[in-house]
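Only one structure is covered here, and it is reproduced in the block below.
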Amino acid sequence: MPPYRIAVIGIGKIARDEHLPSIARDPRFTLAGVVSGSGASVPGVPTFREAAALYAAVPDLDAVAICTPPGPRTALVREALAAGVHVLMEKPPTPTVGELRDLAAVAERAKRVVFTTWHSQYNAAVEAMRARLAGQKLGRLAITWKEDVRRWHPGQDWIWQSAGFGVFDPGINALSILTRIMPEPVFVDSATLLTPANRAMPIAATIAFTSPALAPGGTLTAEFDWRQTGEQTWEIAADLAGGTALRLTGGGTTLSVDGTVVEDAPRHEYDRIYARFADLLAAGTSLVDMAPFELVADAFMVGRREAVEPFLD
Ligand code: NAP
């Protein structure tokens with residue numbers, strides 16, 4: 001079977017760091033074009049300023065990967081589906097849960113595949129932790145996701161605006177791991193959102209969750225903070241009710257059990273994402289996973305707001 005002809009829309013950091021290299025490595029895809037509002041180009045393929053020009057010029061296109069921030073993504077997905085192409089969506093998928101639900105229905109009517117990617121789910125250590133939590137009760141699970149926004153998001157103004165999600169932009173990666181590994185559903189119980197006085201989105205947040213998987217008196221919490229300088233922390237620590245201590249570190253790449261590393265594979269998240277996309281395309285099946293996104297929406301819904309000092313980039 002010939003490779004799927006795919007185009008990438010939005011040539012920013014994640015498109016260059018991950019999507020374009022993974023597409024180049026995967027024999028089931030061939031890059032047929034890029035769409036860049038700012039005119040960024042990729043050698044050897046045509047560049048278009050707007051998606052409409054791509055669809056007009058490349059009629060045998062199979063799919064697009066939408067690597068813009070979430071704000072413009074809903075309109076771009078609708079346009080792609082109307083043009084008859086399948087869609088891979090970066091995270092967070094859309095500005096709102098309602099739009100994502102609608103896009104899933106639109107894709108079904110159009111008989112096209114949509115794929116909500118949650119890249120942090122695609123690590124072997126995440127699957128290993130999921131296997132160890134299966135059928136278990138938890139005494140404690142604590143997410144600690146603390147990083148320096150100036151280091152990881154320099155000059156990304158969109159991240160502070162409505163539909164940019166603030167600290168939930170990385171925090172949703174932890175939540176996507178959580179919803180993948182937990183043996184039972186998770187619900188937001190309470191949240192506190194700390195928002196700089198000059199910004200629309202939070203710089204830090206704490207969340208307390210409930211879950212039928214918790215043992216009596218058990219706790220499930222998340223702490224997201226973008227003000228962390230020095231050592232960066234992306235960790236999920238879980239104590240099983242029976243006493244075993246599991247620790248998922250490095251953003252989901254390393255799992256240790258009672259202090260011994262049992263899984264530590266190099267990061268191949270995006271190669272796995274494209275392998276999964278090729279399988280979904282071959283099967284004609286969409287994958288729209290709303291669970292991480294719903295937790296963010298619920299945190300915003302029940303969260304108590306506190307203003308903190310202005311953030312200057
Ligand atoms: P970025 O470096 O700011 O790039 C985003 C690109 O999207 C821009 O360069 C621009 O490319 C295009 N774009 C279209 N409409 C835009 C708008 N209204 N505002 C800003 N850019 C717009 O962002 P990124 O880090 O690649 O993140 C993009 C998405 O990937 C986000 O949803 C993010 O959460 C996700 N992601 C990022 C990372 C990471 O490490 N950075 C990791 C995983 C996932 P053109 O000028 O070519 O149109």
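Computed from a predicted structure; not experimentally measured. Each ligand, and each atom within it, is numbered from 1 in the order the structure gives.
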Inset, instruction - Kindly indicate, with the supporting measurements, whether the criterion ring pair (Phe, Tyr, Trp, His ring centres under 6.0 Å) is fulfilled by Trp234 and Trp152. - result: CA-CA 13 Å; Trp234 299 283; Trp152 301 105; 5.6 Å; yes
Inset, instruction - Would you confirm whether any non-hydrogen atom of the protein falls under 4.0 Å from atom 10 (C) of ligand 1? - result: no
Legend entry - For ligand 1, the portion of Arg16 having any non-hydrogen atom under 4.0 Å away: neither
Inset, instruction - Can you pull out the closest protein heavy atom to atom 48 (O) of ligand 1? Residue, atom name and distance to 0.1 Å, please. - result: Gly37 N, 2.8 Å
Legend entry - Geometric class of the Tyr4/Phe29 ring pair [parallel <30°, tilted 30-60°, perpendicular >60°]: tilted
Legend entry - Heavy-atom check, side chain of Met182 versus side chain of Glu184, under 4.5 Å: no
Inset, instruction - Starting from atom 34 (O) of ligand 1, find the nearest protein heavy-atom neighbour and note its residue, name and distance. - result: Asp169 OD1, 2.5 Å
Inset, instruction - Have a look at ligand 1 and work out which part of Ile11, if any, has a heavy atom under 4.0 Å from it: side chain, backbone, both or neither. - result: both
Legend entry - Residue Pro92 vicinity, atoms of ligand 1 by number, heavy atom under 4.0 Å: 32 (O), 34 (O)
Legend entry - Part of Phe165 with heavy atoms under 4.0 Å of ligand 1, whether side chain, backbone, both or neither: neither
Inset, instruction - Quick one: look up the protein heavy atom nearest atom 15 (N) of ligand 1 and list residue, atom name and how far away it is. - result: Pro72 CG, 3.6 Å
Legend entry - From the candidates Gln156, Arg49, Glu18, Glu90, the one that places a heavy atom nearest atom 23 (O) of ligand 1: Gln156
Inset, instruction - Please state whether Gly39 comes within less than 4.0 angstrom of ligand 1, counting heavy atoms only. - result: no
Inset, instruction - Check the side chains of Glu147 and Trp226 for a donor-acceptor pair under 3.5 angstrom, ignoring hydrogens and angles. - result: yes
Inset, instruction - Could you pull out, from Cys67, Gly155, Pro69, the option with a heavy atom nearest to atom 19 (N) of ligand 1? - result: Pro69
Inset, instruction - Determine whether any heavy atom of Tyr270 lies closer than 4.0 Å to an atom of ligand 1. - result: yes
Legend entry - Subset of ligand 1 atoms that lie under 4.0 Å from at least one heavy atom of Thr68: 7 (O), 14 (C), 28 (C), 29 (C), 31 (C), 32 (O)
Inset, instruction - Please write down residue, atom name and distance for the protein heavy atom closest to atom 40 (O) of ligand 1. - result: Ile14 CD1, 4.1 Å
Legend entry - Note, Lys91 side chain near Thr116 side chain (heavy atom, < 4.5 Å): no
Legend entry - atom 47 (O) of ligand 1: nearest protein contact (heavy atom, Å): Ser36 OG, 2.5 Å
Inset, instruction - Quick one: look at His119 and ligand 1, take heavy-atom pairs under 4.0 Å, and tell me if it's side chain, backbone, both or neither. - result: side chain
Could you list the donor-acceptor pairs under 3.5 angstrom formed between side-chain atoms of residues 54-72 and any protein atom two or more places apart in sequence or on another chain?
| unit_1 | atom_1 | unit_2 | atom_2 | d |
| --- | --- | --- | --- | --- |
| Asp60 | OD1 | Arg5 | NE | 3.3 |
| Asp60 | OD2 | Arg5 | NE | 3.3 |
| Asp62 | OD2 | Arg5 | N | 2.7 |

Legend entry - ligand 1 versus Ser38: contacting region, heavy-atom distance under 4.0 Å: both
Legend entry - Parallel, tilted or perpendicular: ring planes of Phe300 versus Phe168, cut at 30 and 60 degrees: tilted
